[in-house]
Amino acid sequence: MARQRDLEFTYSLIDRIFRLSLGEMADFSGAKYDGDFSLTLEEAQRRKHDFVAQNLQIGAGSRVLDLGCGWGPLLNYLRSIGVKGVGVTLSSAQAAACRRHGLEVNVLDCRTITPETFGRFDAVASLGAFEHFCSPEEYRAGRHEEVYRGLFARIASVLPDRGRFYLQTMVFGRNMIPPEQIDIDALRGLPPRGSDAWYLALLGRQFPGSWLPFGEEHIVSCAEPYFRLVSSSNGRLDYIETITQWNARIGAPSLRKTLFKLALLPRWLTSADFRLAFTSGVSANKVCFERELLDHYRLVFEKQQ
């Protein structure tokens, strides 16, 4: 799994910029437009949360575990409909931000959770965190399916029979470099500018220590025998629009953001990875979705009896 220091690099280092740009409880996972791109970002994120609650079949009094809860947007939504939410993240800044808003969030590796950790839940959700559960090293060692199956087993252990798990995640898309041709060492270097491998390398700088499953089918097969798939929907185009809206807001001029960026100047001067990840001027994730190197799915699972 991505180590805590990896996720601190991605999320804690620029925590204040995210919150200043996207709101105190910044929603950093793909919104749900369903093709209606006249919606505001907030409307599309609310549509996503409604969709999650509907598919988890939860209501007032339910108890839900949010794996990789980020800055707490789903937890805040659950609270608004009377659902008790418990969140987990490896980013100390995200946890601190959530706690300031009265949300129950813990700094913990999701892969260590057992029924004894927080008790049992009526449902579990994970939006945009599955990407971090397997590392490039684990993939190279051939352990990626073991990692995913172990995670599904732990999620199943805190759910009742027929309890639901909502998973929203990026995956490698149909135009991804074939597995047998992937050179992880080359991606850690810097492939030719503008190539597919170059954009993937930039993405690796933004999300160090993280690896993706190969398509929807890879996830579904690893979920067996713990879960059956209830429904699946593709959100690639929605994610492209979401990133477009994020980029506009993050790039909008702000004195407070400018002052904070100046405070990061020493990191910019001393870390090539930081420069590539956050100041290259390239939206690597958007390009990867447009080229279908990446894809995006919303999967609803039900625990097997």
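Side chains are part of it too, since the values below use all heavy atoms of this structure and drop only hydrogens, waters and symmetry mates.
The CG atom of L90 sits 6.5 Å away from the SG atom of C110 when rounded to the nearest 0.5 Å. Taken to the nearest 0.5 Å, the CG atom of L259 stands 4.5 Å off from the CG atom of L255. Residue L294 holds its CG atom at 13.0 Å from OH of Y199, rounded to the nearest 0.5 Å. Taken from CG in L22 to CD1 in I250, the straight-line distance is 5.0 Å, to the nearest 0.5 Å.
Shown here for L212 and M170, the closest heavy-atom pair between the two residues is CD2-O, 3.9 Å. Residues C69 and L75 come closest through the heavy atom pair CB-CD1, 3.9 Å. Here the shortest heavy-atom pairing between L203 and C288 reads CD2-SG, 4.4 Å. Nearest heavy atoms, A125 versus V52: CB-CG1, 4.5 Å. The two atoms that bring T112 and T117 nearest to each other are O-OG1, 4.1 Å, heavy atoms only. The nearest pair of heavy atoms linking I240 to K286 is CG2-CE, 4.1 Å.
A donor-acceptor pair is defined here as one N or O able to donate and one able to accept, closer than 3.5 Å; no such pair exists between the side chain of N76 and the backbone of G72. In terms of modelled atom types and a separation under 3.5 Å, the side chain of S21 and the main chain of F18 share no donor-acceptor contact. In this structure a side-chain-to-backbone donor-acceptor pair under 3.5 Å is missing from Q245 to T242. Formation of a donor-acceptor pair under 3.5 Å by the T89 side chain with backbone atoms of S91 is found in this model.
Residues L108 and V105 fall into different hydrophobic clusters, defined by Ile, Leu, Val, Met, Phe, Trp and Tyr side chains chained together at heavy-atom separations under 4.5 Å. With hydrophobic clusters built from ILVMFWY side chains whose heavy atoms lie under 4.5 angstrom apart, L65 shares a cluster with L151. Under the 4.5 Å side-chain heavy-atom criterion for grouping Ile, Leu, Val, Met, Phe, Trp and Tyr, I219 is not connected to L127 through any hydrophobic cluster. A continuous path of hydrophobic side-chain contacts links F37 to I243 [ILVMFWY only; heavy atoms under 4.5 Å]. Following chains of ILVMFWY side-chain contacts shorter than 4.5 Å, one cannot reach Y297 starting from V300, and the two form parts of different hydrophobic clusters.
By the 30° and 60° cut-offs, the orientation of the rings of F165 relative to F227 is tilted.
F152 and F133 have their aromatic ring centers separated by at least 6.0 angstrom. Ring centroids of F130 and Y148 are separated by less than 6.0 Å, placing the two rings close together. Within the 6.0 Å centre-distance limit, the rings of F172 and W211 are counted as a close aromatic pair.
Every residue two or more places apart in sequence or in another chain was checked for a salt bridge (Lys or Arg N to Asp or Glu O under 4.0 Å) with E43, and none qualifies. Every side chain to side chain contact (heavy atoms under 4.5 Å, CB included) that L269 has, sequence neighbours left out, goes to L265. D238 meets the salt bridge (Lys or Arg N to Asp or Glu O under 4.0 Å) test with R298; sequence neighbours excluded. By the side-chain hydrogen bond (donor to acceptor under 3.5 Å, both in side chains) test, E116 is found to be paired with T114, residues two or more places apart in sequence or in another chain being considered. With sequence neighbours excluded, no residue forms a salt bridge (Lys or Arg N to Asp or Glu O under 4.0 Å) with R149. Here E146 pairs with R143 under the salt bridge (Lys or Arg N to Asp or Glu O under 4.0 Å) rule; sequence neighbours left out. Applying the side chain to side chain contact (heavy atoms under 4.5 Å, CB included) test to Q304 and every residue at least two apart in sequence or in another chain returns R228. Remark: F118 pairs with no residue by the ring pair (Phe, Tyr, Trp, His ring centres under 6.0 Å) rule, at least two apart or across chains.
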> Could you walk me through whether Y139 and E137 pass the side-chain hydrogen bond (donor to acceptor under 3.5 Å, both in side chains) check?
Replying inline: CA-CA 5 Å; Y139 169 75; E137 290 77 15; over 6 Å; no
>> Run the side chain to side chain contact (heavy atoms under 4.5 Å, CB included) test on D196 and N175 for me, step by step, so that the C-alpha distance in whole Å, both residues' side-chain angles and the decisive distance to 0.1 Å come before the verdict.
In response: CA-CA 9 Å; D196 289 348; N175 293 333; 5.7 Å; no
>> Set out, in order, the CA-CA distance, both residues' side-chain angles and the distance that settles side chain to side chain contact (heavy atoms under 4.5 Å, CB included) for L74 and V64, then state yes or no.
In response: CA-CA 10 Å; L74 179 62; V64 175; 5.7 Å; no
>> side chain to side chain contact (heavy atoms under 4.5 Å, CB included) for H218 and E145? Distances and angles first, verdict last.
In response: CA-CA 8 Å; H218 190 190; E145 292 194 356; 3.4 Å; yes
> Hey, mind stepping through R63 and V86 against side chain to side chain contact (heavy atoms under 4.5 Å, CB included) and telling me if it holds?
Replying inline: CA-CA 8 Å; R63 191 165 185 261; V86 177; 4.0 Å; yes
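No hydrogens or angles considered: nothing links the side chains of K32 and S233 as a donor-acceptor pair under 3.5 Å. With hydrogens and angles left out, the side-chain atoms of D295 and N234 include a donor and acceptor closer than 3.5 Å. Side-chain atoms of E131 and T169 form a donor-acceptor pair, as typed in the model, at a separation below 3.5 Å.
A 4.5 Å side-chain heavy-atom check between S126 and D66 finds every atom pair outside the cut-off. Counting heavy atoms from C-beta on, the side chains of T40 and Q45 never come closer than 4.5 Å. A heavy-atom distance below 4.5 Å is found between the side chains of V147 and R111. A heavy-atom distance below 4.5 Å is not found between the side chains of L41 and D27. Taking the side chain as every heavy atom from C-beta outward, L299 and Y166 never approach each other to under 4.5 Å. Residues P213 and H144 have side chains not in contact (no heavy-atom distance under 4.5 Å, counting atoms from C-beta outward).
Each of F207, W246, Y239 was compared with F28 under the ring-ring contact (aromatic ring centres under 6.0 Å, His included) criterion, and only W246 meets it. In summary, of the residues considered (L67, I155, V124), a side-chain contact (heavy atoms from CB on, under 4.5 Å) with I113 occurs for L67 alone.
Judged by a 6.0 Å distance limit and a 45° cone about the ring axis, R236 is not positioned over the six-membered ring of F289.
For the salt bridge (charged side-chain N to carboxylate O under 4.0 Å, His left out) condition, the pairs that include at least one residue of residues 240-260, sequence neighbours left out, are E42-R249. Legend: ring pair (Phe, Tyr, Trp, His ring centres under 6.0 Å) pairs involving residues 77-113, not counting sequence neighbours, sorted by first then second residue: H49-Y77. Every pair passing salt bridge (charged side-chain N to carboxylate O under 4.0 Å, His left out) that includes a residue from residues 73-97 is listed here, sequence neighbours excluded: K84-E104. Among residues at least two apart or in separate chains, salt bridge (charged side-chain N to carboxylate O under 4.0 Å, His left out) pairs with a member in residues 163-174 are R164-E302, R174-E292.
The local environment of CZ in R100 is crowded, with over 12 non-hydrogen atoms from other residues, nucleotides or ligands closer than 6.0 Å.
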